[in-house]
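Predicted, not measured: the structure shown is a model, and the values here were computed from it.
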Amino acid sequence: GAQPLPMRLALRLQFLASASNKLTESLAVGVPVIANHLPDFRALVEGNDVGLCVRELSVDAIAETLRTLMHDKLGQKRRSANALAAHRSW
């Protein structure tokens with residue numbers, strides 16, 4: 001018969017399901033994003049040039065990624081996010 005999912009896997013799936021909603025909601029309105037470096041997030045964010053991914057979930061790493069997004073690439077990321085929002089139906 002069917003076996004229940006291990007708790008760790010169930011929590012990971014729950015996190016991914018809710019986190020991806022926030023990600024797609026931001027992209028749907030053309031807002032550049034900072035995302036976790038998970039493969040699916042990385043493919044969407046870096047593959048479409050709509051934000052940056054952060055490997056280490058520490059305050060310093062996130063702050064540095066935010067600074068990079070704000071100072072170096074915000075214009076390009078915003079243009080990419082707006083273009084993606086115009087061509088996708090979320």
Side-chain angles (χ1 to χ4, degrees):
Q3 296 289 325
L5 290 174
M7 181 57 79
R8 185 174 182 182
L9 177 58
L11 290 174
R12 183 169 183 257
L13 292 174
Q14 181 181 14
F15 168 77
L16 289 174
S18 65
S20 63
N21 288 340
K22 291 170 186 63
L23 182 66
T24 55
E25 288 169 357
S26 294
L27 293 175
V29 294
V31 175
V33 297
I34 293 176
N36 195 324
H37 201 258
L38 296 171
D40 290 341
F41 292 166
R42 191 175 67 244
L44 178 62
V45 172
E46 292 179 354
N48 290 287
D49 196 33
V50 294
L52 299 171
C53 292
V54 62
R55 286 183 183 266
E56 179 186 331
L57 297 181
S58 70
V59 172
D60 290 338
I62 294 169
E64 181 60 31
T65 303
L66 182 58
R67 278 192 290 276
T68 300
L69 185 64
M70 295 292 292
H71 296 293
D72 297 331
K73 301 182 179 193
L74 186 58
Q76 175 59 42
K77 301 299 182 196
R78 182 173 299 281
R79 287 189 297 275
S80 296
N82 284 328
L84 182 65
H87 288 73
R88 297 287 293 258
S89 173
W90 302 99

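- Interatomic distance, I34 CD1 to C53 SG, rounded to the nearest 0.5 Å: 9.5 Å.
- Classification of E64 and R67 as a salt-bridged pair holds, one side-chain N sitting under 4.0 Å from a carboxylate O.
- If you take CG on N36 and CD1 on I62, they are separated by 8.5 Å, rounding to the nearest 0.5 Å.
- V45 and G51 get closest at one heavy-atom pair: CG1-C, 3.3 Å.
- One N or O on the side chain of S80 and one on the backbone of D49 form a donor-acceptor pair closer than 3.5 Å.
- Under the 4.5 Å side-chain contact rule for hydrophobic residues, L69 and L57 share a cluster.
- For the atom pair L44 CG and L27 CG, the distance stands at 5.5 Å (nearest 0.5 Å).
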